[in-house]
Amino acid sequence: MAPLEPGRDRQVYVRPLVSLFHARTRSRGAFGGRLRRRRRAVDGRRYRRGVHQLPVRHDRRGDDGRRLARRLRRNHAVRRDHGGSPEGPRLARLTRRITPSSVGSRASIADSRSAFSAVCTTDSPLVSEAVVSPMSRFGEIEEGYDPHAVEQRVFDHWEDVDAYERTKRHRAEGETYFFVDGPPYTSGSAHMGTTWNKSLKDCYIRFLRMQGYDVTDRPGYDMHGLPIETRVEEQLGFENKKDIEAYGEDAFIEACKEYADEQLEGLQSDFQDFGVWMDWDDPYKTVDPEYMEAAWWGFSRAAERGLVEKGHRSISQCPRCETAIANNEVEYEDVSDPSVYVKFDLADREGSLVVWTTTPWTIPANTFTAVDPDGEYVGVRARKEGEEELLYVAEAKYEEVLREGRYDDFEVEEELAGEELLGWGYDHPLAAEVPDHTDHDGAHEVYAADYVETEGDGTGLVHSAPGHGEEDFERGRELGFPIFCPVGSDGVYTDAGGKYEGQFVKEADEEIIADLESKGAMLASGTITHSYGHCWRCDTGIVQIVTDQWFITITDIKDELLENIEDSQWHPEWARDSRFRDFVSEAPDWNVSRQRYWGIPIPIWTPEGRDDDEEMIVVGDREELAERADQAIDPDSVDLHKDTVDELTITEDGTTYTRVPDVFDVWLDSSVASWGTIGFPADQERFEELWPADLIMEAHDQTRGWFWSQLGMGTAAMGEIPYEQVLMHGFAQMPDGRAMSKSKDILVDPHEAIDRHGRDVMRLFLLSNNPQGEDMRFSWDGMETMENHLRTLWNVVRFPLPYMRLDGFDPDETTLEDVDSDLEVVDEWVLARLQSTKREVTAAFEDYRQDRALSALIEFVVEDVSRYYVQAVRERMWDEEESGSKTAAYATIHRVLREVVTLLAPYAPFVADELYGTLTGETGYETVHMEDWPEVSDYWTDDELEADVALLRAIEEAGANARQGAGRKLRWPVTRIVVAADDERVAEAVARHEDLLADRLNARAVELVGPGERWGELAYSAEADMSELGPAFGDRAGEVMTSLNEARIEEPDLAALEGAVGEELEPEMVSFVTETPEDVAGTAFGIDGDDRGVVYVDADLTEDIESEGYAREVVRRVQEMRKDLDLDVEERIAVEIAIADDRVADLVRRREELIREEVRADAIGDVDEGHRMEWEIEGVDVELAIEPAPSS
RNA sequence: GGGCCAAUAGCUCAAUUAGGUUGAGCGCCACUCUGAUAAGGUGGAGGCUCUCGGUUCAAAUCCGAGUUGGCCCA
């Protein structure tokens, strides 16, 4: 790692403090004997002040002025009125003294600020610095969290300090980490799924950088392929390939490039706008010659291994695009198609075979009929309209088939096994219409085939046309048949189609059905709705035809592929083991050729007049192309697209080779990303250093896509899987659980999410979702919640700043270690919680569960820091006197907040950076993203203390509950609370923190009933432990539990309980529960579901308590009236109190002193003018009036 | 039609590698607090843990069959 940037003397390095304390172990044991514990190292070493600080001073020069100016600008723009500031009395007082009458206008605020600073300089070096630089550490931050304002400022700041470049340089010497970006396809803008994907990538990259890695972060774009071609065709108003030819290949390719570039710009700016830090100046593009060369290289390696062949195969063809498409480009949707039952008349015997098909247009190419040799078939004698026939179908299907044929009646005449049908001959039903139909030896006979199901759809006899289907094709080849396919690449019958020549196949269906009917070959004809394959781009129904295509024969290396899978780790694991492996084992050879234009040209040259794979030349890179091509080309500047390379020929040994016209399947482009992204094969060095990828992360649709294509190419070319870790996330769904769909306009636009809540909030929400395999359901509520959490953090950071500023607290001069002896228990506790939070966050991150890490962090901020710690230390910070305790609180909260914003940085990079800047000023890095990931300190770890405070908090909570149960508001003191502790630990905690408990529960006294002791007036019942009762009582366990729950006994004694229940019990089976007397409210407290004791609140009223209670009621109302008048916190007033009830009036009078003090009243007496209100307090009418004191 | 994953409060999720009386946050309602205030506290309502079977003294959890949703394959 490189803490100091070479050549940058202005860099201040703050070494992470925690790391120095690894050797120290903090003293253990439950609360010792003193409230404040003194920390001492076990090894007995003492630590000198400041020894951990590298005293590198900041040298203000160069572009620093710019930063300063920017910060000044920012600071002044956000200054707010001090008058109503919630920063506490001390600050308000000071401010007022300086600017007695000028609060409000922006100019006067600026004045007041420097005046204020000047006053504070006498005893505060930090504040004196603030005169020079108002926006130094602890500069004021906005009163409310405004995501958009923060984000705009941080964008500016990043630009000003070159934050991204600086952060990368900062890690330049770190261990390399090779992340590969799965290239999004450049059509359309970023949707929520893409946004989630990039946010995840950004989050992990930032995390890895903070851990010290030099992370490869080159983004990529997938820019070739049919989707862009079809978009451009639409724009140009084209209908088919002939239009493209007419327009000109060169021009069309250029148009595609322009379109892709345009789309790329949109994506680039979106991703940058989301706060994603990747190398946007240098993305890899699949259309760049350097990248295309990587594909050529990979393909040529596969060819060297003998894995490239040209094959006559059955493929899915899009008749509009006139190209083969891969199986995984076929999309299935429900359509209505013909459903016909056709009779094939048997040649040498009575009767016909009945077959079923939804594609009548394939009947002309019928070559044989398939049966399941082990299946059961029947011959059925059927009658209709006086005519009689013998029909052969599967036994399981005959009733259904005959019903379809509307026969009057029928009977099974013959039962026979499938194998008995083998070899039966029949007549092609359209022999006359299609004269070129197959009629070779063995054609039109019955054969066995494993794709036949006697109980599936159809008749159990399968019409087989090897020219129109993969299975039929395979079987036809096995049988040694020539393949008959009378359909061209545009889905139109060729001359081999006879009568149907020139017709588009789907349109010929009708005529074929009519012809079959007129020949009496049609048993039944209807329609059916079923799912049928369509072109993924233009939605045209595909046709199965046989053409010549280029393949990578990955089935030859299937074992190697499956082995290589083992070298990758997937998160979640099942994605690899239950899903990817299945997909890979079933994957057929990869058809990589497309008869299109916008793609990487296949680098194969074949001898003129031949186009097979016998004597092909496969070119591996531009260098080789330049060497072998007949034409002169410059390898550095040659563009490798089709329009260029089609012209090139190669002549060797007297033979001239021409390029095959096809381009690659676009999936092949991204399959080479792991080396294409690092400039291989041109750049060997980086390849050696980085390859294979350490991590990739994409959504679950990529099992069939990029996860697979990379495995295929990596294995074919390199013999290895090109990635090690895979994080497979899910899809973004609508708030109601529907899939998002751009074409149906069902979506939540990330830009809208940003408009409503900002980038940090959106990222926080996205990243709070489980990234492993599960879909993310978008939720505006969830967004709102995240914004609230950030607001809480904002307020927490904002709270201590004014006090620190006033006291000139310098976290570098006064570190946590310096104030060790002044730390109070609550400080030690929050530091301990910080350690366990870091431990949890880091572990979750390393387990690829950043969502769990985030919730641990948020819980710490909201629950522990905001709701507890800040509450607990407020009064210490308000203290005007110098105090060790106050300084200790400063040091503590500073450490906590600084680490919290650091942990938050990967999630909410904007707000984390701004808060970090405020906390560290000029002494930190330019950006939080350069920080090291906070380490867990053993020294500050204290699991026992964490557990203890958890107990105290539980007691407090239960006490508040009991209070409410007793009907006594917190404002009214109670005489005492009684804590019945179940164990020694609870008793210790209470004993030591009686004052704290008394204070927080507003009790005059705290009594402790230790474990084993009993508090009088309590009854007991029992609670059953079902894990004990179950085995002991078997099926009566439930019944015994019920009687236990209902039992009431005076002593928590097993014998008494046995008496009450009438069963023999063991001590482990039950725990006793106290039943509170009526005049006392009790609430059980516990942790993690385990009861640890009970708090009782004695709500008995005494005159003294009533006196204080009523007085405080008056105080609160006066305070509210002060607020009505918008009085300054310090402003003195006069108060008039008129109470309708004499007794209450007397009680209140006893506490006049308290009232005067609390409401800052000089006098209690008559008020003439002023603010007057009537109140009802506990049923008593009270009239109050206040006015500002005449001369204060 | 097949494979994988998911299904627990209105919403988002927990429930500790192998069963033991279902929990949290957000939202909602009521009360409360009023020097973080577009906050804080307490309580409440809200669940045949998707359905049906099975194993077991005992199933949200294990097994089988379905239903719904998502992805993938045909």
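Just so it is clear: chains get the letters A, B, ... in the order the sequence lines come, proteins before strands, and each one is counted from 1.
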query = Can you tell me the Watson-Crick or wobble partner of B/U17, both distances under 3.5 angstrom?
reply = none

message = Partner lookup for B/G53, please. Criteria are Watson-Crick or G-U wobble with both distances under 3.5 angstrom; report none if nothing qualifies.
response = B/C63

[X] [atom1] to [N] [atom2]: how many Å, rounded?
X	N	atom1	atom2	answer
A/His729	B/C4	NE2	P	23 Å
A/Phe778	B/G69	CZ	P	23 Å
A/Met776	B/C71	CE	P	13 Å
A/Met786	B/U12	CE	P	13 Å
A/Asp577	B/C72	CG	P	20 Å
A/Leu1001	B/U42	CG	P	11 Å
A/Arg1112	B/U34	CZ	C1'	14 Å
A/Trp570	B/C72	CH2	C1'	12 Å

Touch class at under 4.0 angstrom, heavy-atom based, for [X] against every strand present:
X	result
A/Glu859	nothing
A/Arg963	nothing
A/Glu1120	nothing

query = OP1, OP2 of B/C73 versus side-chain N and O of A/Arg704: anything below 4.0 Å?
reply = yes

task = Measure from the side-chain heavy atoms of A/Glu957 and tell me the nearest of B/U37, B/U42, B/G41.
result = B/U42

query = Looking at the side chain of A/Arg849, which of B/A14, B/G27, B/C11 is the nearest nucleotide?
reply = B/A14

How far, in whole Å, is [M] from [N] if one measures between their [atom1] atoms?
N	M	atom1	result
B/G1	B/U49	P	30 Å
B/C57	B/G40	C1'	47 Å
B/U67	B/C52	P	15 Å
B/G20	B/C13	C1'	23 Å
B/C62	B/C72	C1'	28 Å

remark   = Closest non-hydrogen contact found for A/Tyr451 with A/Arg475 is CE2-CB, 4.0 Å

salt_bridge([X], [Y]) N-O dist < 4.0 Å:
X	Y	value
A/Lys397	A/Glu400	yes
A/Asp847	A/Arg849	no
A/Asp864	A/Arg953	yes

inquiry  = If I take atom CD1 from residue A/Ile315 and atom CD from residue A/Gln544, how far apart are they, to the nearest 0.5 angstrom?
reply    = 7.5 Å

ask   = Which comes earlier along RNA chain B counting from the 5' end, the contact point of A/Asp582 or that of A/Gln702, where each point is its nearest nucleotide?
value = A/Asp582

query = Want to settle it: does A/Trp574 or A/Asp701 sit nearer the 5' end of RNA chain B, counting the closest nucleotide to each?
reply = A/Trp574

request  = Would you tell me whether A/Arg798 and A/Asn795 have side-chain atoms, one donor and one acceptor, within less than 3.5 Å of each other?
outcome  = no

task = Could you check if the base of B/A18 is syn or anti? Syn means the glycosidic torsion is within 90 degrees of 0.
result = syn

ask   = Does A/Arg579 get its side chain close enough to the base of B/C71, under 3.5 Å, for a donor-acceptor pair?
value = yes

ask   = What about A/Arg1160: does its side chain form a donor-acceptor pair under 3.5 Å with the base of B/G35?
value = yes

